[in-house]
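A short write-up of the structure that comes next.
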Amino acid sequence: MPDSDRRIRSRLEQLVASASVSSTDPGWDQGNRQVVELLASWLEDLGFHTEIQPLSASGHKANLVATRGSGPGGLVLAGHTDTVPFDEGRWHSDPLSLDERDNRFYGLGSTDMKGFFPLALAAAERFTGTALKQPLIILATADEESTMCGARSLAAAGYPKARAAIIGEPTSLVPVRMHKGIMMLGASITGRAGHSSNPSLGNSALEGLHAVMGELLAYRGELGQRYPNPAFEVPTPTLNLGRVHGGDSPNRICGHSELHFDLRLTPAGSNAAVLAELQSRLRALGVQRDLAIEVRQLIEDVEPFEQPADSELVRLAEQLTGHSAEAVAFATEASFLQQLGMETIVLGPGSIDRAHQPDEFLPLEQIHPCVDLLALFIRHYCL
């Protein structure tokens with residue numbers, strides 16, 4: 001086995017073994033500091049200047065910005081260091097121990113997306129001793145799988161900046177230039193409790209919930225007419241009714257109910273505008289039914305993302321990969337990096353179909369092509 005392949009395997013072994021689950025459930029949520037420090041040590045050995053940016057008072061959550069070279073242009077290779085929670089009993093191997101079988105690397109985060117970092121480092125190693133005319137930046141973020149606080153912090157700070165950015169989420173090495181946004185929302189319906197023997201004694205928040213559901217489903221149809229995009233497999237915005245709660249007894253008129261739902265807009269839509277419209281419509285429904293109906297965000301939203309088809313980065317990615325750029329339904333940190341003024345695409349090894357489930361794996365056959373591809377991007381933007 002060549003030394004470069006041994007380093008890729010060793011680095012991925014260490015990253016997978018460093019648990020870094022992020023979750024809105026405090027029982028699962030962990031830090032990513034160990035992952036960031038591993039990456040920083042390897043990058044320093046390659047001549048990068050590293051900056052660890054704490055995101056929490058304890059410092060157990062942090063971003064890493066590693067830079068080699070200087071100038072106003074350059075390239076960012078970006079990824080997130082966290083993983084989703086896991087059900088160890090459903091894996092056929094230890095999720096926190098890299099296992100090679102069937103020409104695959106199995107392990108938590110192997111494809112989503114710790115596996116990208118050893119390949120980005122392997123591409124950077126090819127330019128050791130070569131003077132870079134523009135900077136190469138390796139960016140590692142925290143909490144993409146939950147709050148996206150790492151990417152939000154970078155966008156707020158306006159740093160780092162380069163000419164182009166590639167986010168190494170699993171796309172099977174096919175460039176992605178569009179994805180839908182996501183809002184996770186809660187609708188709270190407050191009525192008036194009373195004895196069920198006489199409906200006039202109360203105002204049912206469950207019946208109000210039924211009306212809210214009907215209004216949301218009607219609105220979903222309107223959004224589909226307003227913001228269609230045939231580039232997506234599901235060519236319209238989606239709105240999913242995900243969780244309901246209400247009532248406490250069959251013989252009591254329900255005084256309060258709650259509905260949680262998610263809404264994923266195509267790039268033509270605006271999260272803020274749609275949220276404001278939703279809030280206005282549901283408040284009006286509440287007035288009509290003498291209910292208090294409020295809509296709030298459960299977590300901060302992610303805007304839809306689109307990189308123009310005729311941009312330099314998209315054209316280059318299509319040329320180098322031999323694939324036309326695609327659109328995907330899952331959300332990434334791309335809109336935040338785009339806010340920094342960089343042309344941005346999503347392009348990485350592995351398949352999103354293997355993410356967030358037991359026996360996640362990275363196909364070995366994609367490792368060398370990914371390293372070769374990233375090296376070509378580095379040569380174009382940094383030399």
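What you see is a predicted model, and the numbers here were worked out from it, not measured in a lab.
Counting only N and O atoms by type, the side chains of E294 and S188 include no donor and acceptor under 3.5 Å apart. Counted by atom type alone, E145 and H356 present one or more donor-acceptor pairs between their side chains at under 3.5 Å. For the residue pair S335 and Q339, no side-chain donor N or O sits within less than 3.5 Å of a side-chain acceptor on the partner. In summary, the side chains of S20 and N32 do not present any donor paired with an acceptor at a separation below 3.5 Å, with no hydrogens or angles considered. Counting only N and O atoms by type, the side chains of H80 and T141 include no donor and acceptor under 3.5 Å apart. Residues S200 and N198 have side chains that bring a donor and an acceptor to within less than 3.5 angstrom of each other. Remark: the E51 side chain and the Y159 side chain contain an N/O donor-acceptor pair separated by less than 3.5 Å.
Atom-to-atom distance recorded for T266:OG1 and F305:CZ is 14.5 Å, nearest 0.5 angstrom. With rounding to the nearest 0.5 Å, the separation of CD in E318 from CD in E326 is 10.0 Å. Rounding to the nearest 0.5 Å places CH2 of W91 at 9.5 Å from OH of Y106. Note: L337 CG to K161 NZ = 12.5 Å, rounded to the nearest 0.5 Å. Atom CG in L362 sits 6.0 Å away from atom OG in S110 (nearest 0.5 Å). Within the model, atoms CE of M113 and CD1 of I352 stand 10.0 Å from one another, a figure rounded to the nearest 0.5 Å.
Remark: the backbone N or O of C149 is not paired with any side-chain donor or acceptor of S153 at under 3.5 angstrom. Counting only distance, with no hydrogens or angles, the side chain of S311 and the backbone of P308 share a donor-acceptor pair below 3.5 Å. No side-chain donor-acceptor contact under 3.5 Å links R220 to the backbone of P237. At distances below 3.5 Å, not a single donor-acceptor pair connects side-chain atoms of D112 with backbone N or O atoms of A355. Under the 3.5 Å distance criterion, the side-chain polar atoms of S257 are left unmatched by any main-chain donor or acceptor of G246. For the pair S10 (side chain) and R7 (backbone), a donor-acceptor distance under 3.5 Å is absent. No donor-acceptor pair under 3.5 Å is formed between the side chain of Q366 and the backbone N or O of P349. Judged by distance alone, the side chain of R11 and the main-chain N or O of L38 form no donor-acceptor pair under 3.5 Å. Counting only distance, with no hydrogens or angles, the side chain of N229 and the backbone of P235 share no donor-acceptor pair below 3.5 Å. A distance-only check finds a donor-acceptor pair linking the side chain of N203 to the backbone of D290 [under 3.5 Å].
Taking the side-chain contact (heavy atoms from CB on, under 4.5 Å) definition, one finds that E215 meets it with R281, L282, L285, sequence neighbours left out. For P304, the side-chain contact (heavy atoms from CB on, under 4.5 Å) test picks out L265, P267, N271, with sequence neighbours left out.
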Could you walk me through whether E100 and R104 pass salt bridge (Lys or Arg N to Asp or Glu O under 4.0 Å), step by step?
CA-CA 6 Å; E100 181 180 347; R104 299 165 175 171; over 6 Å; no
Evaluate the criterion side chain to side chain contact (heavy atoms under 4.5 Å, CB included) for residue pair I253 and R192; output intermediate values, then yes/no.
CA-CA 7 Å; I253 297 169; R192 190 172 65 256; over 6 Å; no
Could you check H256 against T190 for side chain to side chain donor-acceptor pair (under 3.5 Å), going step by step and ending with a plain yes or no?
CA-CA 5 Å; H256 182 80; T190 303; 3.2 Å; yes
Go through the steps for Q338 and T344 under the test side chain to side chain donor-acceptor pair (under 3.5 Å), then give the verdict.
CA-CA 6 Å; Q338 203 175 48; T344 303; 5.4 Å; no
The test is salt bridge (Lys or Arg N to Asp or Glu O under 4.0 Å); show your working for K61 and D143 and say whether it passes.
CA-CA 8 Å; K61 291 181 183 285; D143 280 17; 2.9 Å; yes
One pair to check against side chain to side chain donor-acceptor pair (under 3.5 Å): H60 and S58. What are the steps and the verdict?
CA-CA 5 Å; H60 75 299; S58 66; 2.6 Å; yes
Mind running side chain to side chain contact (heavy atoms under 4.5 Å, CB included) on I8 and L121 for me, showing each step along the way?
CA-CA 8 Å; I8 288 171; L121 267 67; over 6 Å; no
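Sparse packing is recorded around CZ of R252, with 12 or fewer heavy atoms of other residues, nucleotides or ligands lying under 6.0 Å away. Residue-environment remark: CZ (R296) exceeds the threshold of 12 foreign heavy atoms within 6.0 Å. By the 6.0 Å contact criterion, CG on N103 is open, its count of non-hydrogen atoms from other residues, nucleotides or ligands being 12 or less.
Using a 4.5 Å cut-off between side-chain heavy atoms of Ile, Leu, Val, Met, Phe, Trp and Tyr, with links allowed through other members, F330 and V174 fall into different hydrophobic clusters. The same ILVMFWY cluster, assembled from side-chain heavy atoms under 4.5 Å apart, contains both M342 and I137. Residues L316 and M178 are members of separate hydrophobic clusters, defined by side-chain heavy-atom contacts under 4.5 angstrom among Ile, Leu, Val, Met, Phe, Trp and Tyr. Under the 4.5 Å side-chain contact rule for hydrophobic residues, V76 and V65 share a cluster. Each of L364 and L15 belongs to its own hydrophobic cluster when Ile, Leu, Val, Met, Phe, Trp and Tyr are linked at side-chain heavy-atom distances under 4.5 angstrom.
Ion pairing of R283 with E277 is absent here, as no side-chain N (NZ or NE/NH1/NH2) approaches a carboxylate O to less than 4.0 Å. Between D262 and R243, no side-chain nitrogen of the basic residue sits less than 4.0 Å from a carboxylate oxygen of the acidic one, so the salt-bridge criterion is not met. The pair D99-R101 counts as a salt bridge, with a side-chain nitrogen and a carboxylate oxygen less than 4.0 angstrom apart. Using a cutoff of 4.0 Å between basic side-chain nitrogens and carboxylate oxygens, R163 and E312 are scored as salt-bridged. By the 4.0 Å N-to-carboxylate-O rule, E303 lies too far from K180 to be salt-bridged with it.
Between P85 and S23 the shortest side-chain heavy-atom distance falls below 4.5 Å. You'll find the side chain of L64 stays beyond 4.5 Å of the side chain of V35, heavy atoms only. L132 has its side chain within reach of L383: a pair of non-hydrogen atoms, C-beta onward, lies under 4.5 Å apart. Using a 4.5 Å heavy-atom cutoff, the side chains of P2 and D5 are in contact. Using a 4.5 Å heavy-atom threshold, the side chains of I345 and V176 count as separate.
The nearest pair of heavy atoms linking H195 to L201 is CB-CD1, 4.1 Å. T332 and M148 make their closest contact through O-CE, 3.7 Å (heavy atoms, listed as atom of the first residue, atom of the second, distance). In plain terms, the two heavy atoms of L291 and G208 that are nearest each other are CD1-CA, 3.5 Å. The shortest non-hydrogen separation linking L39 to T81 is CD1-CG2, 4.2 Å. Counting all heavy atoms, side chain and backbone alike, L46 lies closest to R68 at O-CD, 3.9 Å. Residues D359 and R354 share a closest heavy-atom pair of O-NH2, 3.3 Å.
Among L77, L374, L373, the one residue that satisfies the side-chain contact (heavy atoms from CB on, under 4.5 Å) test with L347 is L373.
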